[in-house]
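This report concerns only the one structure given below.
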Amino acid sequence: MTRLTGSALRVTIFIGENDTWHHRPLYSEIVHRAHSAGLAGASVFRGIEGFGASSLIHTSRLLSMSEDLPVAIVIVDTEDRVRAFLPQLDELVGEGLVILDDCEVIRYVGRARAADAKGGK
């Protein structure tokens with residue numbers, strides 16, 4: 001069971017949808033490593049339009065036919081746990097943007113706890 005409330009650190013990683021790590025989507029590698037590291041959670045969001053350091057606009061609009069849409073991976077956990085994970089991001093993210101934000105978690109309860117609250121196990 002995972003419980004996280006109070007002060008936390010959010011890391012947001014902006015990369016391209018086509019970025020890979022050893023022939024695997026980079027966003028997937030980051031999520032699986034965050035899971036293996038025991039972080040509280042990670043989510044991947046696919047953007048519909050954006051640009052980065054290259055200044056090329058990537059969009060999901062049909063006429064532009066972009067295949068490299070922006071992707072954001074968001075991870076939230078305690079500051080110590082997130083900072084311990086940062087060296088892995090240094091290894092994985094060759095081109096992209098990594099942002100750290102202080103945040104406050106109101107309530108996060110892992111699945112085992114949620115099932116117990118509903119009377120299941």
Side-chain angles (χ1 to χ4, degrees):
M1 169 177 45
T2 302
R3 286 179 167 248
L4 177 64
T5 58
S7 296
L9 193 63
R10 174 178 56 203
V11 59
T12 306
I13 306 110
F14 295 96
I15 58 173
E17 184 178 33
N18 290 340
D19 292 346
T20 60
W21 177 261
H22 296 260
H23 308 291
R24 179 179 185 176
L26 179 56
Y27 60 82
S28 182
E29 182 67 20
I30 292 170
V31 168
H32 282 85
R33 286 197 187 193
H35 184 262
S36 294
L39 295 175
S43 297
V44 179
F45 301 93
R46 184 178 191 221
I48 58 172
E49 190 166 47
F51 70 93
S54 70
S55 293
L56 295 173
I57 294 181
H58 302 275
T59 180
S60 63
R61 286 182 278 147
L62 186 60
L63 295 176
S64 67
M65 305 268 293
S66 176
E67 295 178 0
D68 193 23
L69 293 170
V71 171
I73 304 106
V74 179
I75 301 168
V76 177
D77 207 320
T78 64
E79 181 174 356
D80 292 343
R81 293 174 71 116
V82 169
R83 291 199 182 276
F85 186 68
L86 291 180
Q88 292 199 54
L89 293 179
D90 287 340
E91 175 189 354
L92 294 170
V93 181
E95 187 174 315
L97 177 66
V98 178
I99 297 174
L100 297 173
D101 296 301
D102 291 323
C103 62
E104 183 176 349
V105 175
I106 303 299
R107 181 172 185 235
Y108 176 84
V109 179
R111 291 183 188 186
R113 176 71 177 155
D116 290 343
K118 292 181 182 177
K121 289 218 170 198

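Just so it is clear, the values below take in all heavy atoms, side chains as well, and ignore hydrogens, waters and symmetry mates.
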Are the side chain of Arg81 and the backbone N or O of Gly38 linked by a donor-acceptor pair below 3.5 Å?
yes
Looking only at heavy atoms, what is the nearest atom pair of Val76 and Cys103, with distance?
CG1-SG, 4.0 Å
How far does OG1 of Thr20 sit from CG of Leu92, to the nearest 0.5 angstrom?
11.0 Å
Taking Asp101 for its side chain and Arg10 for its backbone only, find out whether a donor-acceptor pair lies under 3.5 Å.
no
Any side-chain heavy-atom pair from Glu95 and Asp19 closer than 4.5 angstrom?
no
Quick one: do Tyr27 and Leu86 end up in the same hydrophobic cluster if we chain Ile, Leu, Val, Met, Phe, Trp and Tyr together by side-chain heavy atoms under 4.5 Å apart?
yes
Linking I/L/V/M/F/W/Y whenever their side-chain heavy atoms sit closer than 4.5 Å, directly or via other members, would Phe14 and Ile75 fall into one cluster?
no
Roughly how far apart are Arg33 CZ and Leu89 CG, rounded to 0.5 Å?
9.0 Å
Measure across Ala8 and Val105 and return the closest heavy-atom pair with its distance rounded to 0.1 Å.
CB-CG2, 3.7 Å
Residues Val82 and Leu9: closest non-hydrogen pair is CG2-O, 3.5 Å
Atom pair CG/CG of Leu26 and Asn18 - distance to nearest 0.5 Å:
11.0 Å
So do Ile30 and Trp21 actually touch side chain to side chain, heavy atoms under 4.5 Å?
no
Quick one: does Thr5's side chain get under 4.5 Å of Ile106's, heavy atoms only?
no
Which heavy atom of Ala40 sits nearest a heavy atom of Asp77, and at what distance?
N-OD2, 2.7 Å
Is the shortest heavy-atom distance from the side chain of Val11 to the side chain of Phe85 under 4.5 Å?
no
Among the clusters formed by ILVMFWY side chains lying less than 4.5 Å apart, do Leu100 and Ile15 turn up in the same one?
yes
